[in-house]
Amino acid sequence: MTQIPARRTILLATGAATLTVGCSEYGGDSDSGSSSVEASAGTELAKTSEIPVGGGKIFKDEKVVVTQPKEGEFKAYSSTCTHQGCQVSSVSGGTINCPCHGSKFKIADGSVANPPANKPLPEQQITVKGDSIELA
Ligand code: FES
């Protein structure tokens with residue numbers, strides 16, 4: 001007589017883990033009334049007084065660099081280097097400078113002042129309202 005081994009299907013009740021999620025009361029009230037989808041357009045980047053004349057300032061989160069080549073004249077460019085995509089790290093000596101391979105871009109028009117980059121930094125639209133600089 002051969003005995004057929006009893007097959008047992010073991011059901012692991014993994015699905016029964018009762019994690020009590022919910023009741024997440026951490027004040028995440030996300031302005032349910034106004035849908036402010038645009039995180040960039042119309043957002044104030046800086047006060048005009050923050051941008052030095054003949055220099056500029058890098059806004060890492062927005063990936064924008066704002067310059068003031070002449071008093072009262074503001075320009076904005078992408079802060080992503082056109083060489084290999086590093087983020088530019090400083091504005092000095094009239095140029096926007098990339099730390100990776102030494103490219104420099106002119107604050108007045110974003111054009112290449114020093115290779116290896118061979119394309120200008122793309123200009124970004126900004127609006128200056130009073131003393132406030134906003135992304136357009
Ligand atoms: Fe900027 Fe190379 S990535 S110089």
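Residues take their numbers from the sequence shown, with the count starting at 1. In listed order, ligands and their atoms are each counted from 1.
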task = Work out the angle at atom 2 (Fe) of ligand 1 between ND1 of His83 and ND1 of His101, rounded to 10°.
result = 100°
inquiry  = Under 4.0 Å from a heavy atom of Cys86: which atoms of ligand 1 are those, numbered in the order shown and with their elements?
reply    = 3 (S)
task = Classify the contact between Cys81 and ligand 1 as side chain, backbone, both or neither, using a heavy-atom distance cut-off of under 4.0 Å.
result = side chain
key: Structural part of Cys98 in contact with ligand 1, heavy atom criterion under 4.0 angstrom   = side chain
Test item: Glu73 side-chain N/O and Lys70 main-chain N/O as donor-acceptor pair under 3.5 Å = no
query = For the side chain of Tyr77 and the backbone of Ile107, is there at least one donor-acceptor N/O pair under 3.5 Å apart?
reply = yes
Distance alone, cut at 3.5 Å: any donor-acceptor contact between the side chains of [X] and [Y]?
X: Gln87; Y: Thr80; value: yes
X: Ser49; Y: Asp131; value: no
X: Asn97; Y: Ser90; value: yes

task = For atom 4 (S) of ligand 1, find the nearest protein heavy atom and state the residue, atom name and distance (0.1 Å precision).
result = Ser103 OG, 3.1 Å
key: atom 3 (S) of ligand 1 [closest protein heavy-atom partner, distance rounded to 0.1 Å]   = Gln84 N, 3.2 Å
